[in-house]
Amino acid sequence: MMKLALLSALAGSAAAFAPAATRASSSALNAFSAADLPGALPPVGFFDPLGFAEKADEKTLKRYREAEVTHGRVAMLAVIGFLVGEAVEGSSFLFDAQISGPAITHFTQVPDGWDALIVTFIGAAEAQRAQIGWVDPADASYDQPGLLRDNYYPGDIGFDPLGLKPEDPEELNIMITKELQNGRLAMLAAAGFLAQEAVDGKGILEHFSS
């Protein structure tokens with residue numbers, strides 16, 4: 001159930017992630033530096049206690065932000081998947097409502113064949129993202145693998161079906177910051193969900209009702 005909830009969340013919630021997945025201003029693309037990055041809020045400001053950004057060049061910094069945005073989106077979907085998957089267990093028409101228990105056990109309960117479908121779906125999405133944002137390995141130098149395209153802004157896969165992208169660059173940065181902050185919270189929440197269910201074997205929603 002968790003896997004199917006995750007897929008339904010992907011279809012229904014993708015529009016919420018559109019602000020950072022739309023074209024950023026050309027000035028942001030041409031000056032990608034730690035000082036210009038959205039996502040920093042007072043009182044913490046730009047949080048980099050280990051100095052990763054300080055030591056990184058522009059290309060590496062872009063990869064860091066691409067990784068953060070991508071992991072944040074996956075984590076937001078995972079949190080939805082945990083909650084929805086456990087909320088509908090025993091009442092869903094899927095798989096005769098036989099899948100139950102903590103969400104971390106749902107994956108192994110799904111009948112054979114669905115795993116291949118899930119992997120195919122994820123692979124197609126990742127291949128599309130790679131084609132949009134990443135330099136073809138055949139065109140990259142051997143000593144600089146995994147480069148993002150010069151005209152690609154991290155997270156900008158061109159997905160904005162509801163037209164949520166603001167025209168004003170400052171408003172766009174605010175929306176990107178909101179997505180980043182929600183993604184960061186979701187990464188912590190998903191990690192907490194995984195750890196809690198692994199420790200006591202109870203579902204997240206079960207903790208709320210006990």
Side-chain angles (χ1 to χ4, degrees), residues 5-84 122 124-135 146-192:
L6 192 59
L7 286 178
S8 64
L10 178 61
S13 303
F17 311 147
T22 51
R23 293 294 170 194
S25 64
S26 59
S27 60
L29 289 171
N30 295 328
F32 199 90
S33 65
D36 300 322
L37 285 176
L41 292 175
V44 177
F46 188 80
F47 185 73
D48 184 28
L50 299 181
F52 287 118
E54 181 181 349
K55 302 171 186 175
D57 57 22
E58 180 179 344
K59 297 181 184 299
T60 302
L61 193 61
K62 286 181 70 173
R63 290 201 303 270
Y64 286 166
R65 177 46 59 88
E66 173 75 5
E68 180 181 24
V69 172
T70 302
H71 283 84
R73 290 170 178 170
V74 171
M76 284 188 276
L77 292 173
V79 169
I80 295 173
F82 265 94
L83 300 177
V84 173
I122 294 174
E126 283 297 285
Q128 180 71 9
R129 183 171 69 93
Q131 290 177 352
I132 293 173
W134 297 79
V135 174
L147 291 178
L148 293 173
R149 299 182 187 276
D150 290 337
N151 62 345
Y152 173 74
Y153 190 85
D156 180 2
I157 58 176
F159 183 77
D160 186 21
L162 299 181
L164 299 177
K165 174 192 174 183
E167 295 294 333
D168 182 67
E170 292 186 7
E171 292 183 8
L172 178 60
N173 281 343
I174 291 174
M175 295 190 77
I176 292 174
T177 297
K178 290 179 179 179
E179 181 187 22
L180 287 167
Q181 294 295 84
N182 281 284
R184 291 161 180 167
L185 178 61
M187 284 188 275
L188 294 174

Less than 4.5 Å apart, any side-chain heavy atom of [X] and any of [Y]?
| X | Y | answer |
| --- | --- | --- |
| F82 | V79 | no |
| M175 | K165 | no |
| K178 | I174 | yes |
| L180 | R65 | yes |
| V69 | R73 | yes |
| V74 | M187 | no |

Non-hydrogen atoms of [X] and [Y] that approach each other most closely:
| X | Y | value |
| --- | --- | --- |
| D156 | I132 | O-CG2, 4.0 Å |
| F46 | A40 | N-CB, 3.7 Å |
| A56 | Y64 | CB-CE1, 3.9 Å |
| A186 | G72 | CB-O, 4.4 Å |

Rounded to the nearest 0.5 Å, what separates atom [atom1] in [X] from atom [atom2] in [Y]?
| X | Y | atom1 | atom2 | result |
| --- | --- | --- | --- | --- |
| Q181 | L41 | CD | CG | 4.5 Å |
| L50 | K55 | CG | NZ | 7.5 Å |
| E126 | Q131 | CD | CD | 11.5 Å |
| N173 | L37 | CG | CG | 9.5 Å |
| I157 | R129 | CD1 | CZ | 8.5 Å |
| Y153 | I176 | OH | CD1 | 4.5 Å |

>> If the threshold is 4.0 Å, N to carboxylate O, is there a salt bridge linking K59 and D150?
In response: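 Between D150 and K59 there is a salt bridge, with a charged N closer than 4.0 Å to a carboxylate O.
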
> Taking NZ, NE, NH1 and NH2 as the nitrogens, is one of them in E66 or R63 under 4.0 Å from a carboxylate oxygen of the other?
Replying inline: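 No, E66 and R63 are not salt-bridged.
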
